[in-house]
Each structure stands twice: as C-alpha cells, then as structure tokens.
Amino acid sequence: MTQSNRLSGGQIDRNTTLKFTFDGKTYDGHPGDTLASALLANNVRLMGRSFKYHRPRGPLTAGSEEPNAIVELRSGDRQEPNTRATTAELYDGLVAKSQNRWPSLAFDAMAINDRFSNFLTAGFYYKTFMWPAAFWEKVYEPIIRKAAGLGSLSMQADPDAYDKGFRHCELLIVGAGPAGLMAALTAGRAGRDVILADEDFAMGGQLNSETFALNDAPALDWTTATVAELSSLPNVRLMPRTTVIGAFDHGIYGAVERISDHLETPPEGKPRQILWRIYTQKTLLCAGATERSIAFENNDRPGIMLASAIRTYANRWAATPAQRVTIFTNNDDGHRTAADLHAKHVNIAAVVDTRADAPFSSDYEVIKGAQVVDTKGRLGLTFAELRLANGESRTVECGALGVSGGWNPNVHLTCHQRGRPTWNEDLAAFVPGADLPPGMTVAGAADGTFSTHGALTSGANAAARILDIKPSDAPTTEDAAVRQTPFWFVEGCSRAWLDQQNDVTVKDVKLSHQEGFRSVEHLKRYTTLGMATDQGKTSNMGGLAIMAELVGKSIPEVGTTIFRPPYTPTAIGVLGGRMRGMDFHPTRLTPSHFWAKERGAVFVEVGNWLRAQWFPIAGETNWRASVDREVRATRNSVGVCDCTTLGKIDVQGTDAALFLNKVYCNGFAKLAVGKTRYGLMLREDGIAMDDGTAGRLAEDHFVVTTTTANAGKVYQHMEFVRQCLMPDADVQLISTTEAWAQYAVAGPNSRKLLQKIVDPAFDISNDGFPFMACGNITVCGGLRARLFRISFSGELAFEIAVPSRYGDALIRKLMAQGEEFDVTPYGTEALGVMRIEKGHAAGNELNGTTTALNLGMGRMVSKAKDSIGSKLSERAGLNEDGALAQVGIKPVNAADKITAGGHLMAATGPVDAKHDQGYVTSAAFSPSLDHMIGLGFLKDGGSRLGETMRLVSPVTDLTVEVEIVSAHFVDPEGERVRA
Amino acid sequence: MIINHPLLGPRDSAEFIYMGDAGLINRPDPETASGEEWYAYAYLRDNPAGEHRELWWHEGGDRSWLVVTRNTVTHEISKVEIARDVARAQGRSK
Amino acid sequence: MHDLIAITALGGSAPRVDRVADTTLTENPGIALASVAARMDQETTCRKHLKAVIGAVPGPGKVQLHDPEAGFWMGPDQWMVGAPFDTHEDLAAQLKARFGESASVTEQTDAWVCFDLRGDGMEAVMELLCNVNIRAMQTGDAQRTSIHHLGCFVLRRDPSDWVRILGPRASAGSLHHAILTAMKSAL
Amino acid sequence: MRYSGFKVIKEALTGHRGWTPAWRDPEPQSHYDIVIIGGGGHGLATAHYLSKVYDEKRVAVLEKGWIGGGNVGRNTTIIRSNYLLDGNEPFYEMSLKLWEGLEQDLNYNAMISQRGIMNLIHSDAQRDAFVRRGNAMMLNGADAEYLNEDQIRKEYPFLNFDDARFPIKGGLAQRRGGTVRHDAVAWGFARSADSHGVDIIQNCEVQGFRIEGGVCKGVETSRGFVGAGKVGCAVAGNSGRLMAMAGMRLPIESHVLQAFVSEGLKPVLPGVITFGAGHFYVSQSDKGGLVFGGDLDGYNSYAQRGNLPVVEDVCEGGMAIMPMIGRARMLRMWGGIMDMSMDGSPIIDRTHIDGLYFNGGWCYGGFKATPASGYAFAHLLAKDEPHETATAYRIDRFRTGHMIDEKGMGNQPNLH
C-alpha cells in the first residue's frame, strides 16, 4: 500500500503526485516532499548503512545535519554520492540508490563487521597490519580501502555548469526562521539593503515544523504573509535554497545557491548552483538550533530519530516513520512532539521522561524518571527496553522512537574565525562566545533563545540594534520557558552510538581515554568522532560529555573542537565555477592569430598566449620538417614571426634613463636617442630575473621589452622600484603590450622586403638605420609604426610594430610583398632553434637560479653605478671558482640525440650526483649544422671548450658523448646582424 | 580580506599582489651599506605574530603600492597608506 | 592614406552584437584611447590641460562623460582619455601636442577591447561577472575590476542600464565568451 | 607494551582492559640533557631518534598544547623525494627510506602507503625541467619515471585530456612516493620516544630562554624553569615567535596554507596527482576522502585559517584536471602555519648562541621530511655536527650566497 504513513495536513501539494525510485522500487510523493519524507510516508525507514559496521540506518534528523540517510542521488554522469535524503527535494522521476552496501541494503555482506566490532575498536588499525611489512600495501590496505568510503563517483565529467557571483549588502541575515524573518522585516521596512539567506527551499525555519499559532492563526499564515511582504521590498533580497557556507575575513561570506538541484536537469544555459561571495557590513546569524540525542544501547536502529525530526515530518510533510511511536526525552520539548503526533492520530506508545517531575498528559502515558536502556529490531526498530524509576524493566513495542536530549544552538559560523563558543549552564549547551567574527551578531535559538516569541523578538531587536532603527512588533505566540537539564547517556551503556555514520560508540570514547587520547582533538582524531559528513553536528556533544565524565572535568573544561567551513559539505564544482575545460584560463590571441589559423598553424600556450608553433605545409609529415624549413628559409632569405607577445612597457619622464639605470644591471644613461640596447635585469638577490631591450625614442621616452612569460612580473617590479625606491623620480610607466602588433622580419632579404612597405621618407639602409637603431616611422602610405633593428635569430633582422587592429592586414601585406623572396612565416619552434644556434639565453636559461656570471654576462653588471641586485650578486657563494657557465653542447657522433634536462658527467668515471658537472637547459636540431645542439651550464664551463663529456639522462634512458663548444653555433662574429 | 584603499575605499584583497614586509622600502644606501646590512635587508624578517606592516600592489586596481598594517593573528587591518608617501616620509627620493 | 584594413578585436570586419532577452552586448571598436600621466611637479599644468579637453578632472573611481573627448581616472596622476576613433585616431599625438612637457602620453587605443552591455538585465549579468557593487554604482563611476581573471575597466554610463567594459584586447574572445555566458545564465 | 594482531585479538576477547596509555603524562623535571621545544612531528621524531639511535637518556619534549596539533595534524599527508638540487635530494631520499621502515621501527602502523606520486607535465619547458629533476633524483639513488601522454592516459583515464586548456603532455612519477596517516606519525613517534624514556610534556608553553654569557641554560615555561644542556627548537610556523625570545631574526616568514578534504568516496584515485600548472594536488585517504590542496594564501599569517580566493583557485584547478569531482563535496577546509624560508629549503643548524639549536624553514615540505628531520636534528644535537644529508641546511647560507632554491623564486617566501 503506497504512502501508508502519510498523515493529514502538511505543506505538500497533494493534487500533484510525483513518481520516484529508491533502489529500483518506485514510490509516490508530492511537491514539497524531500526524498526522506516521501520514503517515510511510504513506510520506508531503512535508507542507508553505517561506515564501519554497516549497521542498518534510517534518518536521524529532518535537515542538513543528517548523518545516516545519505544516498547516491541521480544516475549516469550526474550521480551524486552522499546526498542527504533529508534535504533532497523530490521531483518527478527522481532516482536514488542506497550506498555502502553489498549486495543489497537489506542484506549487506559487510555487516559481518558488526559481529567483529570487538576487534574493530577505535584505532585498532594502528596496532596491527604491520607484519610482514610488505603486506600492508599488497594485502591489508587494499581490503581496507575497498571497504572504506561511502558513495561513489560516476568517474565521468560533471555535465552541469556552475556560476560564481558577487553580492553586496548592508545586512546579511543567515537563516529565515522566526528570528531571521523578524530581523528582515525590521530592516526591510526601514529601507535598508538586506539579504536574507536560508538553506531550506521553504522559508520559516522551525515555524514550518510547529502547530502552535502566531497571532491566533496558523504559523504558516504568518510566514507566508511575511515572506510576501519581504519579496515586495526592492531593498530586500530573499535567497532561499542558499546555504551560507563560511564566514571569511572582513565581512565576506561564501554562500551556495542551489538553482537547479530540485529539477531533473538544469534549464539550458542555467547553472546547477551559484557560489555567491556576499560582501556585507553587518551579519545577523539566525541559524537556529539542532536537537541532540541521548546515548543508550543500540540507539541507532532505523526508526530511532530525534523527537523534533519526527515532529517536523508529521507537521510539515504529513509523514510518520511508524504508526506507533515512543518518545524518550529529558525536557519538555519531547512532549510537544508527542502531543503533535497524537493530534495527527499517531499512536503514542509512551513518553519516557528521565525527570521525576515530568509533565502529565491525559492523551498518552508518561513514564517519569525512566530511561530507554536498549532496543530491538534488525532492519528497523521493533521494541524499546525501558528501565523504570523503581529499577524494574519494561518492554514497549514501537516502530519509531523519538529522542530529545535538549537543543544545541547552531554556533558554527561564529567559530569560523577561530572564535570559541562559551558554555551556558542553564541551557547545558554551548552558545556563541565573545570573539565572534567582526560585524556578526547572533539572535534567536542560535543565541540560546529557544522560545518562539523569544526568537521573534530577539531577531527584531538585534536588527534594530545593528542598524539603529525601531524593531517591528513580533506576533503573539508561545513563550514557554525552556527547562533543559543535562542528560547525555544512560548509565552503563557501551555500544551506544555517538557518531552514527562513523560508528563511534561510548565504548570507543572510553578506550580513547584509557589509551591517553584525552584532549578533544586527540579524541576526535583517534576515534573519528565528529569527522563524518555531518561534521559532528549530531555527535560532538555526546562525546564531549562522556570524555568530561571520564576525566572528571566539566564539559567546558574539556573544550570543543573547532568548527571549520564549509557549514555543510559543498560541491567542489561550484567552488570551481566556470573556470574549467578550455575556460580554465583566458586565452590571449596575437593580431595575426586569425591569419595563422587560416594557414593551418599549430599553436602553443605561453603565458596564456596562443602562439604559432610552426606552420605546416602540404607534404610535411612531421613537425621537424616544418621547423627545419622555416629556419632554412629565414636564414637563406626572409622569415616573419609574430613577436607581439613580448611584454612592452612605455617608460617616459625626465628621469626615465636614471630609472632604467636602476632596474637594469647594465647602463642606459648614455644610450643615444634612436638606439636600442640589450638589458639584463637582476632580482635584488643578485639572480637574473629577465632580459629584453630598451629603445630610446626620445630623451625622455623609452620602449622596454620583456620576455613573454615575465611581462607581468617585470612590470610589478618596475612599479615597486618607481613608487617605493625612487618616489621622487620623474618617470611614468604603462604597459602597451597589446596595443601594438609586432613582427620580426629576419633574414638576408628582410631589408628588401621592408623597403617595399616602409614609406620612402624613411631610410632603412644599413647606414640610415644601422644595427640596434629604432624609431617612429610610417608604413603602407602613412600608418604610424615603430621599427627596431634588433635580432634574436642572428640574421639581419627588424621588428616592426603597428597598432594591433592593423596587425592582420600587415602580416597579409608582408606575405604578399614577400612572395618574390619566398617569405616564410615561422613559429616559436624555429625561433627557438635559431636563438639556440646563436646562444641567446631564454626562459630555460633564465630559470631563477642563474646569475649574470653563469650566463656569461658577468661583465655586464656595471660597477660604475648602483642597480637592483648588483650588491648581493657579489656574495662569495655566487662567485666561486668553477661556477656554472653557459656553454654550447654538440654530440661527438653527429647522429646522436641531445636532451634538455640531461646532466653532464666527465667522459669516464662514475655517474652519480657527486660527479655531476652541470646540465643541459635547451636542445634542438640545427638545420644549419645538420645535427643536434644544446645549451647548458657547466662547472667552470668557460675554460672547458673542446672537452669531451657524457650527457646522461637516466630518466629518458640516454647516454651520449658530447663536446663542449662555444654557445655561438652560427655566425659567432655576428656579421650577419650588421649586414 | 578587504583592504581600505586610501584613494578607492574598500577593495577585495584578491585584487592585490602581496610582497611582504614593508621594510623592503628601506633599501640600504649603496654608497655606505655593509654586506651585513644588505643581507639583513634581503633576508631577515621580524615575522611578528601581531601587527605587521606589509606591501601590497593593487594590480587589479590603480597600480599603487600600499603599506598595509595588518594583524597576522586576527587579520584585522588597522592602517593603509600609499607606499610612495611612506617612502618619501622615510627620506627616499631618487 | 594607408591601405591597411583594420579588423575588430574579435576578428571581424564589423563589430559583434549579441542579444539575450532584453539585454544587448555590443563590441565597440569606435573609440581611440590614450593615457595621460602627469610629469613630476607638472601636476597643475597637466590637470589644467585635462580640464580643457574633457571638461573636468575625474577623481579616483570616476569617469568624466563628455564629448567628443571623455576620460577616467586610472591611478594617481594618471588618466585614460577616449574619443571617437574616426575623428581622433591620432589622439595620442593630439594630446601630446597639447600637454607638452606636462604629461607623458601613451597611445592605448588597441591595448583594449570595448564592450557595451545594455539592458534591464545588465545588473544581474554584472553580478555574475565581477566584484563591482553594481547596484550602488552611479552614472559617472568607473572601476577597475577582474572578470574571469581579466583586468577590466567598468564605466557606468547614462542611462543607468548601461555599462561600458574595457578589457585586454588580446583576450577579447575570452571576455566576450564570459559576458555572453553570464547573460545566458542570468537572463 | 608491544602492539600486534595477536594482542588486538587477545584484548578483544578480554574486554580491552589491557590497553594502557600510549605515552606517560610526566611532570617536567628541573633539568634535562636535551630539551626539544615543539611536540609536533619533527620534535617527536627528534626525540625518538635521540633516545633510540643516539642513546640520549635524559630528553624532554615540551609542547604548549596537545602533541601532533601543528602541521603534522593538519597537512595533506604526502611523502616523496622528488627534489632537484643536491642540497635537498639526498636528505629527502633518506627521509623516504626511513618512512619505508618506520612502522617496524615504531611498532605503530602509520599506514605508509607507497601508491606513487605523479607530477603532470603540460609544456615543453616543464618537461625539460622535470627531466632534469628526474635525472637528479636517479643520480641520487632515488626512483623516478618519465611517462608520456599515452602512459598517463592508461594509468589515469579520468583526467581531462581532450577538453583541456593545458593539455597533458606527460608526467614524472615517483612510485615510492605516497601518503601516510598523518596523526599516527606523531603518535607513533611519541609512543616510541616515551617507551625509550623521553618525557613528553603537554600543555607546557615555552615563554623564554635563559641565556647567560652567550650560552643557553634552559627555558622558562608555563610550568616553571626547565634546565637543559642543549635546547633544540622545532616549532615550524612558530619559529619566528620563538626565536625572537632568543633575540634572533630569521630568514623565515609564517604563511597560511589551506588544505581540504571531501566526503568519503569509494576508491577513485590510485595515488597522488600533482597538477602544478593549475595549483592543485590530490590524493585519497584510506577512509575515502579526497585530500587536496594548492598554493599559499600568500600573506603572512598565524591565523590557521585562510580565505575564499585560494579555496576557489584550488577547486578551479581540480575541476580543470579531473572534472569528475564536480559533484563530490568538500567536507572541511583548514589552514596550517607554514615556516616559509627565503629559498624554499629548510634550516637544521646551530645558532650563534651556544647550546641553542634550530630546526625550521620547512615551507610545505615539512611532513614528508619528518623522519629525516628528526634524524638529522638528533644527530646535530647529539654530535654537534650536521648529518651528512643536511650539511647544506646552514642558517648562514643566505649571507654567503649558498641558497638552495628549487623553484628559482628568490628571496620572496610566499612564492616558494
């Protein structure tokens, strides 16, 4: 019979029936249901298995603190492990599976662990599985790992999208229960900028679970009216389905809004969830309270729940876990559950109250001064064993047992900045401490104000106090004084569950104490108490109470572990947002990108830039063929390469030269206008940071280039020197990297090609525009451009720059005009080959550990002036005899391979770290020399040219004989660049 | 964290790049400083558990270097200054 | 007149326009830009010229909306001046001629891609893109911010359903993709 | 008491009455030959090796809170010896060898699990650097293995190969790397040291040093003065605070490093995966939680908690490299105080004060170094000379220009 445990009333839409399946069986539910409420309505109590002993489990709670009823929700690539059935909104076609059981939930082979529980006590694994040594990885651990874990991932990419956003407000209210709603009303009516966030899909908090009246009408009427008024206010933003996961520094809160989790799939273009970073001036925490359990033997069977949870299921969802219910309580709240159930015609077997002075009821039996000492029922509760005040035993038949041990304020967010809660003796509970996150106030049950009227007024007053306005009037309603007496566990209990998911029992806490793990952190780590997916919300207090008893201290003396974000487990996907796949990082495209794509270029990533790596043409079967061709064509005629990606920094001001003298280790003061110079930058610690060129366009104007990878770092460094070290220098900086499309035109015919483009007014002959010249010119009939005669390839070469929007047109023009010279576009690979052939250092050489001396530029560090890094570069350790020096490397046998990353060893003798002589930084096949070449650093390299050594790369299984040579493989005299 | 920029008001620290102890402004005098002073400048830190004056660069903002006084235990920020002004006040010029 | 034909930052011959619900995203290649930074001890002269050009000197976080030239504050003693590209392609040269020794002027036109985001959904879209308090942002406010790791300027235009976004030109494609994705998500 | 499977069974059958405290709870004595400040992994390991290998009998460990409460109790549990520089590699390789025999040495199962560590490669420059590193490892006697893309695909089919902004080009594996049950390391060392007579004194905060004529005579503590022949400091993130009491400034900054754990999941990851290009690394604990982390928050901090930007940065990296974890949930985030040194490498050395010794600057290499750090520090304290694998870890190396800079980031600690 379907929905046999469905009661009357409730906030569900009975006009619509939703079909869903759990472990393959189909059930009915209604809009407004959660998976748990619908299953209970269908008389399903068994929903999961515990972690260690695989004990049968049903829901303990009706909220996000649920430790037991966790399932695999949805299927395929949307499978969602460890999902709390108590918060999963029901939708038509919902599919859920129980987890951590085999072969079935009702019969779980691993439940055998429960039989051996005596051997599997806290920390048993630290004491065994050690012999023989090899067996841990091979035998024991695989078994443990297989058994471990709860739900499983689909192993497929998450198909849903996640967004991240930013919201700002004056007051963030966390929790839309009585306190939160009144606070929002107070602030909203005053026109203040408010965000009200609640993790539930229905606002109202505990009001949704109660039957008493507000202003003599059902609580739901007041909640509905209040929410309606709030949503009509433009200055109030209501955020249901939004969990505030963390309180971070200076009023920044993380909040996750579930946009589509209540649907089968997210609508087109919409995310599954959004991570909001909420920036608020003030925060009011109205997170309510969580009922706590009592530890007694076998208190973990399906059907044994928190009393308030049973009340919530009955009142909000019109569902009961069973038709015959017993309540076990140490306070008045348990009686409220009994009364509500009775009103809904659920049979109350008994209310077992630990207090001799418990209140009387005419509707059902109240057994005073009694305790539940044990329970029965394999897959669900069948009997509760009582110990009566007079010591006699009694058995009560029931399908559900509601346990009420009092309430704990939800102080979690108050602790996210390491604040500690304080102990309130009257409530026998921890309440928010003094050291709250700055800007945070707490109201309602979260602050220990448990009566409904108390919560309503405390919310209104708190908002009024924070914003210095007048509180709104709270509706009239129950205002019962709360009597909460400490009663944590039943005398003599042993297998009494504290952490139901991790199977931590009173016995484990006792063993932990016995073995000296007595600090709360040791207790937690040794027993795993509170480390389950409920983050200890339902388990910590019981454990603390028992440890306190054992060490003979009070609970506050024992202390608490720290509550850390997130408040509830949070999908990793939403924390990643849109930054995944190809959108992980933005791309930077050069002005010739679209043209290069047409040409079929292969692109490579450099500092977010996509650069053409080589340009394959028809008939080329491998990349080497393309690269060799590009190099030869450039060296023999002319090639063009997009070098826009090099950082460009505009340096202006009357002190510009003085400034460059400070940041470059070599001198720039005397550089003539119209000239360019190579510059080497050191870090203050004397290590090379970056290199590039600076062209002087005017007395007070330089254009500095940096390497592609270091552009940002160098700019930051230059701003530091400018603002912090030379505050009075007249120098202004701005990056112009992307403003100019810049092309290297290299090769013997480069001048001829450019002369066809550069306007005749400008003489770029060798005399008119010699090596290292630079200047402003115009091209193609008047377009402003810049020309630099610099060369990375070692050929006669220029770099020409035009405004980026014309870069596409210019490259096409260069190709067209260059046809007569077979102009060839070349990519970063050919560029790399040519610079290695010339022995120019690049990223692999400027690796953050090399000095000017290592790079063979020791003499560049000017002693005539002070520059960043010059002083510390003089330290002995950086100037020892035999220091690493850059050298060239070529194979003795021309056919042999050279690999970057290989180490250099003497030609004979042992091969080990002690005999390491240096390493290879860059390697390439040189089409010009027709064999591989490399650059590297070798101890005392300068004086070892001609020496034969071994290049060893054990990790790539390579050993070759190499000769140490000059790093300048091609045109060592540098005649070509001056041609 | 929120850094209250002297010119722009409260800005998220994610817009900034952190460098470290504001003592880095006090670069030793190249004419007179000893090797020991250079070593101390570049490498030794007070690293206090408490108030710390430190350099942040507003990379995602106005490109100002700021000197932020922040408590390293509570993260509370008690003072924010423009580093250029601090440098001048400490006698740096060109 | 030269014979090189410009393309837009997104690579087209014409600006890209996208519409989602009642909100429009338009690529705007029609703006010339140049940065103006006051030289040391020339701040007053520099500001005088700036006032003459754009009508006022915008303070921190402000944009001076003015025709044909407009400008916004970039940093201490540094501003970005904009003007119609068709009439001011040589904006940097024009400004340098006027400011002379009082300022360092640098052409910035093609360092940036410009998008106009306009429509009732603009604020909802901006909430998903960047940490600008868009609900509090007034016409005439300008803020540098980060959109999906891209440093951008957001200028609040008039009327108030309109922002102009300047982003790094080389990442125009990524920026456009981010904004359009946010439009589809929020609207 | 000796732990064994037999003992566990015996106790199970006799009501677990026989278990005794894993370590004593002694009162501090007035004088010890050697006092170790800091009851973390390194301090306890030092005590273990001092008492067991170097036969020091009168040793105390002073801990201001509960042992194992620092970084050994809040890290991502990875062990490896995949270092590049000669100053580091032999030391970390010794550490890995010590890990391999640790359970038998301690008679405590710390669940050392050599499931391997894989550093992913995404660019040619990265490949060159990792090849050089792999070679350095092998030349130092460690194991290293270079894998091409196909081999990575076979071993880690769930990684993002085909929709990746930074495509995977290969990887450098160290099969002997892996993970350890971190808390158990502290407990195992403590239990062993205790059984060799070391006094482990919790809730005993050092409040000052007694230094007379340039000689350290002992420490003032919250439980009175404790005299010592030698004092060894091993307090990681609190090094700056502590050594300031001795009037020392250090080449160290304290920074917060966050780490994260997911809800328990059935086994998905074979070993440790490091996605350097995306600031993300991850492994899976024996309980099933994904344990992952990334970069420092980047600012000096003693707060033991971090902020959202780095949480997001780490998860962005995770989603980029293995988008299958999108629906797994982060259960907890926490922060530890990292003693970040100026070159990213540690210091194990005497100080200029006689009888005062320093161990720190571990950056985030501290956990994997625990046994070797304890061994080398014990050697230094017992013999007054550096252990052969730790000769480069001198405190004055920055003065002389002998930095050990694996990352090449220079004197900015938050970049290491």
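Convention: sequence-line order gives letters A, B, ...; per-chain numbering from 1.
For D/Glu145, the part lying near chain A is the backbone, with the side chain staying farther off; criterion is any non-hydrogen pair under 4.5 Å. Within the 4.5 angstrom heavy-atom criterion, only side-chain atoms of D/Phe166, from C-beta onward, approach chain A. For chain A, the nearby part of D/Leu269 is the backbone; its heavy atoms alone come within less than 4.5 Å. Contact of A/Leu878 with chain D is made through backbone and side chain together, with heavy-atom distances under 4.5 Å. Interface remark: A/Ile143 contributes no atoms to any contact with chain D (heavy atom separation under 4.5 Å). In this structure, chain D has no heavy atom under 4.5 Å from any part of A/Pro910. Contact of D/Gln114 with chain A is made through backbone and side chain together, with heavy-atom distances under 4.5 Å. Interface remark: D/Ser123 contributes no atoms to any contact with chain A (heavy atom separation under 4.5 Å). Proximity to chain D is absent for every atom of A/His513, based on heavy atoms less than 4.5 angstrom apart. If you measure heavy-atom distances from D/Asp183 to chain A, the contacts under 4.5 Å come from the side chain alone. Neither the backbone nor the side chain of D/Arg127 comes within less than 4.5 Å of any heavy atom in chain A. Looking at D/Ala164, the atoms closer than 4.5 Å to chain A (heavy atoms on both sides) all sit in the backbone: N, CA, C or O. Residue D/Ala129: no heavy atom, backbone or side chain, is found under 4.5 Å from chain A. Both the backbone and the side chain of D/Gln284 have a heavy atom closer than 4.5 Å to some heavy atom of chain A. For chain D, the nearby parts of A/Tyr526 are the backbone and the side chain; heavy atoms of each come within less than 4.5 Å. Heavy atoms of A/Leu275 lying under 4.5 Å from chain D belong exclusively to its side chain. Interface remark: A/Asp77 contributes backbone atoms only to the contact with chain D (heavy atom separation under 4.5 Å). At a 4.5 Å heavy-atom cutoff, A/Arg578 makes no contact with chain D through either its backbone or its side chain. For A/Gln514, the parts lying under 4.5 angstrom from a heavy atom of chain D are both the backbone and the side chain. Heavy-atom distances place no part of D/Ile321 under 4.5 Å from chain A, backbone and side chain included. Heavy-atom distances place both the backbone and the side chain of A/Thr533 under 4.5 Å from chain D. Residue contact with chain A, scored on non-hydrogen atoms closer than 4.5 Å, involves the side chain of D/Phe292 exclusively. Only the side chain of D/Met403 comes within less than 4.5 Å of a heavy atom of chain A; its backbone N, CA, C and O stay farther away.
Checking side-chain atoms of D/Arg327 against main-chain N and O of A/Arg78 turns up a donor-acceptor pair under 3.5 Å. D/Asn411 contributes no side-chain N or O that, together with a main-chain N or O of A/Glu684, makes up a donor-acceptor pair within less than 3.5 Å. Formation of a donor-acceptor pair under 3.5 Å by the D/Asn109 side chain with backbone atoms of A/Tyr125 is found in this model. Remark: side-chain polar atoms of D/Arg133 are not paired, donor with acceptor, to backbone N or O of A/Gly901 under 3.5 angstrom. A side-chain donor-acceptor contact under 3.5 Å links A/His522 to the backbone of D/Ile67.
Shown here for D/Ala328 and A/Leu153, the closest heavy-atom pair between the two residues is CB-CD2, 3.9 Å. Taking both residues in full, the closest heavy atoms of D/Gly335 and A/Arg564 are given as N-NH1, 4.2 Å, listed atom of the first, atom of the second, then distance. Scanning both residues, D/Gly5 and A/Thr128, for their nearest heavy atoms gives CA-OG1, 3.3 Å. Between D/Gly408 and A/Thr849, the closest heavy-atom pair is CA-CG2, 3.9 Å. Counting all heavy atoms, side chain and backbone alike, D/Arg332 lies closest to A/Met531 at NH2-CE, 3.6 Å. Taking all atoms of both residues into account, the shortest heavy-atom contact from A/Arg875 to D/Thr400 is CB-O, 3.9 Å.
Rounding to the nearest 0.5 angstrom, the gap separating the CD1 atom in A/Ile562 from the CH2 atom in D/Trp334 is 13.5 Å.
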**Study point:** Candidate pair D/Arg181 and A/Tyr126, rule side-chain hydrogen bond (donor to acceptor under 3.5 Å, both in side chains), full reasoning
**Key:** CA-CA 9 Å; D/Arg181 171 76 182 92; A/Tyr126 300 128; 2.8 Å; yes
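Chain A forms more heavy-atom pairs under 4.5 Å with one residue of D/Phe158, D/Phe260, D/Phe398, D/Tyr108 than with any other, namely D/Tyr108. Comparing D/Ser113, D/Ala184, D/Ala22, D/Ala144 by how many heavy-atom pairs each has under 4.5 Å with chain A, the most go to D/Ser113. With chain A as partner, the option from D/Glu103, D/Met111, D/Met137 having the largest number of non-hydrogen pairs under 4.5 angstrom is D/Met111. Most heavy-atom pairs under 4.5 Å with chain A, from the set D/Asn107, D/Asp405, D/Asn160: that is D/Asn107. Interface summary for chain A: among D/Gly289, D/Gly326, D/Gly134, the most heavy-atom pairs under 4.5 angstrom belong to D/Gly326. Contact count versus chain D (heavy atoms, under 4.5 Å) is highest, among A/Ser152, A/Gly576, A/Ser922, for A/Gly576. Ranked by heavy-atom pairs under 4.5 Å with chain A, the list D/Met409, D/Glu316, D/Met322 is led by D/Glu316. Ranked by non-hydrogen atom pairs under 4.5 Å with chain D, the options A/Arg272, A/Arg525, A/Lys507 are led by A/Arg525. Your options are A/Met155, A/Glu80, A/Lys52, and the one with the most heavy-atom pairs under 4.5 Å with chain D is A/Met155.
Looking at D/His402 and A/Glu880, their side chains do bring a donor and an acceptor atom within 3.5 Å of each other. Side chains of A/Thr83 and D/Arg329: a donor-acceptor N/O pair is present below 3.5 angstrom, by distance only.
Remark: A/Lys127 does not engage D/Glu11 in a salt bridge, criterion side-chain N to carboxylate O under 4.0 Å. Taking a cutoff of 4.0 Å between a charged side-chain nitrogen and a carboxylate oxygen, A/Glu72 and D/Lys266 do not qualify as a salt bridge.
When side chains are defined from C-beta on, A/Asn82 counts as touching D/Leu265, because their heavy atoms get closer than 4.5 Å.
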